[in-house]
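Structure, as structure tokens:
Here the structure is a predicted model, which is why all the values come from computation and not from measurement. Just so we're on the same page: letters track the sequence lines, and every chain starts at 1.
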Amino acid sequence: MQQITLTLPMIRDMELTASKTAGALGEHIGMSRDKIDEVRMAVVEACINAFEHSGARKREVHMRLLVLGEDADPRGLEITIQDKGTGFSHTEVVVSKKPTEPQKRGHGLRIIHGLMDDVEIQSDSDGTTVTMTKLR
Amino acid sequence: MQQITLTLPMIRDMELTASKTAGALGEHIGMSRDKIDEVRMAVVEACINAFEHSGARKREVHMRLLVLGEDADPRGLEITIQDKGTGFSHTEVVVSKKPTEPQKRGHGLRIIHGLMDDVEIQSDSDGTTVTMTKLR
Amino acid sequence: MTETLKLTVESKTGDVAVIYTDGYINNQGGEEIARVAYELIDSGHKKLLLNLAKTKIVNSIGISILIEIIEKMLEIDGRLAFCSLTPTIEKTFNIMGLTQYAAIYSDEETALSNLG
Amino acid sequence: MTETLKLTVESKTGDVAVIYTDGYINNQGGEEIARVAYELIDSGHKKLLLNLAKTKIVNSIGISILIEIIEKMLEIDGRLAFCSLTPTIEKTFNIMGLTQYAAIYSDEETALSNLG
Ligand SMILES: Nc1ncnc2c1ncn2[C@@H]1O[C@H](COP(=O)(O)OP(=O)(O)O)[C@@H](O)[C@H]1O
Ligand SMILES: Nc1ncnc2c1ncn2[C@@H]1O[C@H](COP(=O)(O)OP(=O)(O)O)[C@@H](O)[C@H]1O
């Protein structure tokens, strides 16, 4: 299993650097431009959630990029974005359907779900881990 | 001090992913396109040296990207590329001047020195660490 | 720190103006677009087109500010439309429900003939 | 695994041919260029121009293979030249001493008028 791990500071625009690294690995496994863009956008949203909402004292995000499948025949990427913040109750935050009037915030998790093939969120008082998969 | 740390597998073309991440951080601090390209090329050379020559059992390279200077006024990047290989005697490997006949190999270290502002190599039987700096 | 969004504006015939974005639409980028949009509204433009051809990535905070502009436009009976989105940005706008309140056109020509 | 270098070839007047590279010139990329270059030599071309306009990054292993092609060209009294390098690739070629054995031109037009 090939994987890249990154530790990034929670500072303005650092989500772009995270997203470009994920994009570079997408290129590496020959993902299409559109799917790479989807991965990049999901990484941006997961990172800014960690920056904005985690309340983590240690201002760091951990990202793991895992190539799924065989070296010669990669199947996709599994991306884990982790903060050591205070967590949230995922069941309380309603990931609602399309809103009926323009809604300003609360789109991040819905975007992540919408753009990735599979998303799992594990959150407790030790922090939040978003694990998302995109097939090639 | 802002820093990103990465652990990368030593596999074909992974130096490109490393180099793209360094390039993304260069963009982040507003480095010029040409200097970003120089950083990217130096990262490629340092990585392929680790892949090719380190003899490391653990097929991993550690990269640290450090933003020099203040947040509001970054001065440049310090990039450290480390392997846990068998090392080499840096004094024995002559980083020669321009060769007098076409010389095929042995250019990597000279390229790194030529493209970066400052390069330090620390190598012993526990591995090799290349620390290189590029000012903005 | 950089990667600032670059904006250019062009006034078209009538009360139409086009804002061209180049770069990442984040918080600051969205606010910059809003500033320019409100200036255009103040100078009598009621139809704004955002041409995103040179924007490859956005975030939901930046887009939330664009939604504020849409609301403002609805108030004054004006229109905000978008053109030249990447497939992923269009998908994101869809997920955010934004396409219900603002039209999205494939290119500037189509957009202008529909707005004008 | 990918990011394969793409090559296109164009035969020009006389014994000149241009090889256009698109992508990363690594080990495999260099070997692919060598394969194409030797084919062109076999079919009677003695002057080869490598147009690197679409290559933004190279590595020293890839370039070492280009040096082999230069040596081959010197043997058969032919010439290999380069054009449209990024400043960083040109700097790298300089550091590698490659510019002593192969001419580098800013653009294809200048290169062809000098080679032809
Ligand atoms: N990493 C995180 N740490 C703590 N809370 C989070 C995290 N990610 C999301 N949340 C919670 O989930 C809510 C919804 O997030 P999201 O859908 O991204 O919308 P928004 O960021 O606009 O609020 C947030 O407001 C926050 O309460
Ligand atoms: N990370 C490393 N671990 C062990 N040896 C190294 C490392 N980097 C460089 N070397 C030694 O230094 C020599 C010169 O390296 P370099 O200038 O990059 O040229 P080349 O890679 O073409 O040999 C290598 O052949 C190797 O012996």
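Counted within 6.0 Å of NZ on K12(C), heavy atoms from surrounding residues, nucleotides or ligands total more than 12; the atom is thus considered enclosed. Atom CD of Q122(A) sits in a crowded spot, with more than 12 heavy atoms from other residues, nucleotides or ligands closer than 6.0 Å.
Looking at S19(A) and I57(C), their side chains come closer than 4.5 Å, going by heavy atoms from C-beta outward. Side chains of R12(A) and Q28(C) form a contact here, defined as non-hydrogen atoms less than 4.5 Å apart. Residues N26(C) and D13(A) form a side-chain contact, since some pair of their non-hydrogen atoms from C-beta on lies under 4.5 Å apart.
Of all the heavy atoms in V44(A) and N59(C), the pair that sits closest is CG1-CB, 3.5 Å. Heavy atoms only, all atoms of each residue included: R110(A) and M96(C) are closest at NH2-CA, 4.4 Å.
Highest contact tally toward chain A, considering only I65(C), L98(C), V58(C), T86(C), is held by V58(C) [criterion: heavy-atom pairs under 4.5 Å].
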task = Show your reasoning for whether side-chain contact (heavy atoms from CB on, under 4.5 Å) applies to I61(C) and E52(A).
result = CA-CA 11 Å; I61(C) 310 182; E52(A) 265 209 313; 3.7 Å; yes
task = Evaluate the criterion side-chain contact (heavy atoms from CB on, under 4.5 Å) for residue pair E45(A) and S60(C); output intermediate values, then yes/no.
result = CA-CA 7 Å; E45(A) 292 300 324; S60(C) 61; 2.6 Å; yes
Worked check of side-chain contact (heavy atoms from CB on, under 4.5 Å) between I63(C) and H107(A) = CA-CA 10 Å; I63(C) 303 312; H107(A) 293 288; over 6 Å; no
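Remark: D34(A) CG to K91(C) NZ distance equals 8.0 Å, nearest 0.5 Å. To the nearest 0.5 Å, atom CD1 of residue I89(C) and atom CG of residue D37(A) are 7.5 Å apart. With rounding to the nearest 0.5 angstrom, the NZ atom of K56(C) is 9.5 Å from the CZ atom of R33(A).
Within the 4.5 angstrom heavy-atom criterion, only side-chain atoms of I48(A), from C-beta onward, approach chain C.
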